[in-house]
Number of protein chains: 2
Amino acid sequence: MTSHAAAEPIRTAITDEDGIDFAIIELFFFAYRDFTSDPDQILAEYGFGRAHHRVLHFVNRRPGLTVAELLDVLKITKQSLARVLKQLIDTDHIVQLQGPRDRRQRELYPTAKGRALALALARPQSRRIHAALEDSGATERAVIERFLEAMVNPELRAQIDIVPAKMSGKNHGDH
Amino acid sequence: MTSHAAAEPIRTAITDEDGIDFAIIELFFFAYRDFTSDPDQILAEYGFGRAHHRVLHFVNRRPGLTVAELLDVLKITKQSLARVLKQLIDTDHIVQLQGPRDRRQRELYPTAKGRALALALARPQSRRIHAALEDSGATERAVIERFLEAMVNPELRAQIDIVPAKMSGKNHGDH
DNA sequence: AAAATACGTCAATAGTGCTGACATAATTTC
DNA sequence: GAAATTATGTCAGCACTATTGACGTATTTT
């Protein structure tokens, strides 16, 4: 008990010395902070928050996904989703259709309005990404993609591949 | 106004077709979600949240920074910071010292306890980054760094350089 | 002396997440 | 066909993080 009235202040900065990659940890924080700030401004106009954005995004990415699937992707609880989803349905951004095979299920689809908003929200983010790719050496796109994917928990990477996302070449004829 | 009782569902997935980089947008979301999940578990043991983590991180990175500077980095309000900072001070993770030049200022320093916790929180994140770098082609570290930095708002990049980070390969001569 | 600054605090509110409990409809199992 | 399970919806209550506005105090600047 040398002194506990006020423990000794440490005056030296923590650095990568300890074998910890603080540089990238911090960059990741700043990058994500600004990455989300773009759509936040648009969302505010609608009285929506980030939760609405995420729901809208995934419903547009996987039209027809069920509530359970959405919960699994977002990693939140049913009750947390309820409020947000209800608002998006009430404002005609998303519609529910009864599942064809299992009529208990509600398949979620975006409306034209919902798709437009999803696009509007993604546009500034995409611009930011595009600019960042150019600034950091254009051709490295694949490197960035691989890195980000490798940051995701292995057992959850399946969620990514569900998306009819990137067929690399960008020409995905029909589906 | 063809039908507004229930707007038409769109059944096709949104893709990069629209010139929007949904692939990376989504990867960024997943990557950050899992990136923050590691420390979240540790924080829960202390009854802390992400806000505590961020404060602890930056106080360790820039010992002696003032409350105003911290607010500027975190981009939150004084009131939001107040409770979190108070808890960290009450639990002896952080100490305040009167500013030497301006005695109104409170310089924030980590204690040994605070430094230890900051390291414990960063360790799993650093491991994840390290693993991701290896999986995605080890030598590309600089590419990832440049990309993440380019994702940050230009006018806020100054915040990054404040850190006595690593003088490795980034030439931040003057800008 | 007055104004501005740095910080602390109190009160009230919003958004997003949580747990637990219960209800309904539909499907599956026995 | 009855019972159990599943998918979803909803209600009530709580926690954390963030917000704005207002006020007080000490200190520095004008």
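Labels below follow one simple rule: chain letters A, B, ... track the order of the sequence lines, proteins then strands, and each chain is numbered from 1.
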Report task. Looking at every strand, decide which applies to B:Q96 at a 4.0 Å heavy-atom threshold: base, sugar-phosphate, or nothing. Result -> sugar-phosphate
Requested in this report: When you get a sec, tell me which of C:dG17, C:dT9, D:dA18 is the closest nucleotide to the side chain of B:K78?
Outcome: C:dT9
Query raised in the report: Do A:Q79 and D:dG9 have a side chain to base donor-acceptor pair shorter than 3.5 Å?
Result: no
Report summary line: Of A:I89 and B:F48, the one whose closest nucleotide on DNA chain D sits nearer the 5' end is A:I89
Query raised in the report: Over how many whole Å does the gap from A:E69 atom CD to D:dA7 atom P extend?
Result: 10 Å
Query raised in the report: Measuring from B:N60:CG to B:R115:CZ, what's the distance to the nearest 0.5 Å?
Result: 4.5 Å
Requested in this report: Using a 4.5 Å cut-off on heavy atoms from C-beta on, say whether the side chain of B:T111 contacts that of A:I10.
Outcome: no
Report task. Determine the minimum heavy-atom distance between B:A120 and B:I42, stating which atoms define it. Result -> O-CD1, 3.5 Å
Query raised in the report: Any donor-acceptor pair under 3.5 Å between the side chain of B:K86 and the base of C:dG8?
Result: no
Query - First encountered from the 5' end of DNA chain C, between A:T77 and A:D102 - result: A:T77
Query raised in the report: When only distance counts, do a donor and an acceptor, one from the side chain of A:R83 and one from the base of C:dG17, lie under 3.5 Å apart?
Result: yes
Query raised in the report: Whole Å only: how far is the CG atom of A:D40 from the P atom of D:dT17?
Result: 18 Å
Query raised in the report: Separation of B:D72 atom CG from C:dT5 atom C1', in whole Å?
Result: 15 Å
Query raised in the report: If you check the B:Q105 side chain, which of C:dA6, D:dT17, D:dT8 turns out closest?
Result: C:dA6
Query raised in the report: Any side-chain N or O of B:R54 under 4.0 Å from OP1/OP2 of D:dC16?
Result: no
**Report entry** Pair A:R50 + A:D40: basic N to acidic O under 4.0 Å
**Finding:** yes
Query raised in the report: Could you give the CZ-to-P distance, from B:R103 to C:dC7, as a whole number of Å?
Result: 15 Å
Query raised in the report: In whole angstrom, what separates A:R33's CZ from D:dA18's P?
Result: 12 Å
Report task. Can you establish whether the number of heavy atoms outside A:K75 located under 6.0 Å from its atom NZ is more than 12? Result -> yes
Report task. Report the residue (B:E107 or A:I76) whose heavy-atom-nearest nucleotide on DNA chain C is the more 5′ of the two. Result -> B:E107
Query raised in the report: Separation of B:L74 atom CG from D:dA18 atom P, in whole Å?
Result: 8 Å
Report task. Give the rounded distance in Å between these two atoms: CZ of A:R104 and P of D:dA7. Result -> 6 Å
Requested in this report: Look at A:H52 and C:dT16 and indicate whether a side-chain polar atom (N or O) is within less than 4.0 Å of OP1 or OP2.
Outcome: yes
**Report entry** Atom-to-atom span, CG of B:L71 to P of C:dT5 - whole angstrom
**Finding:** 16 Å
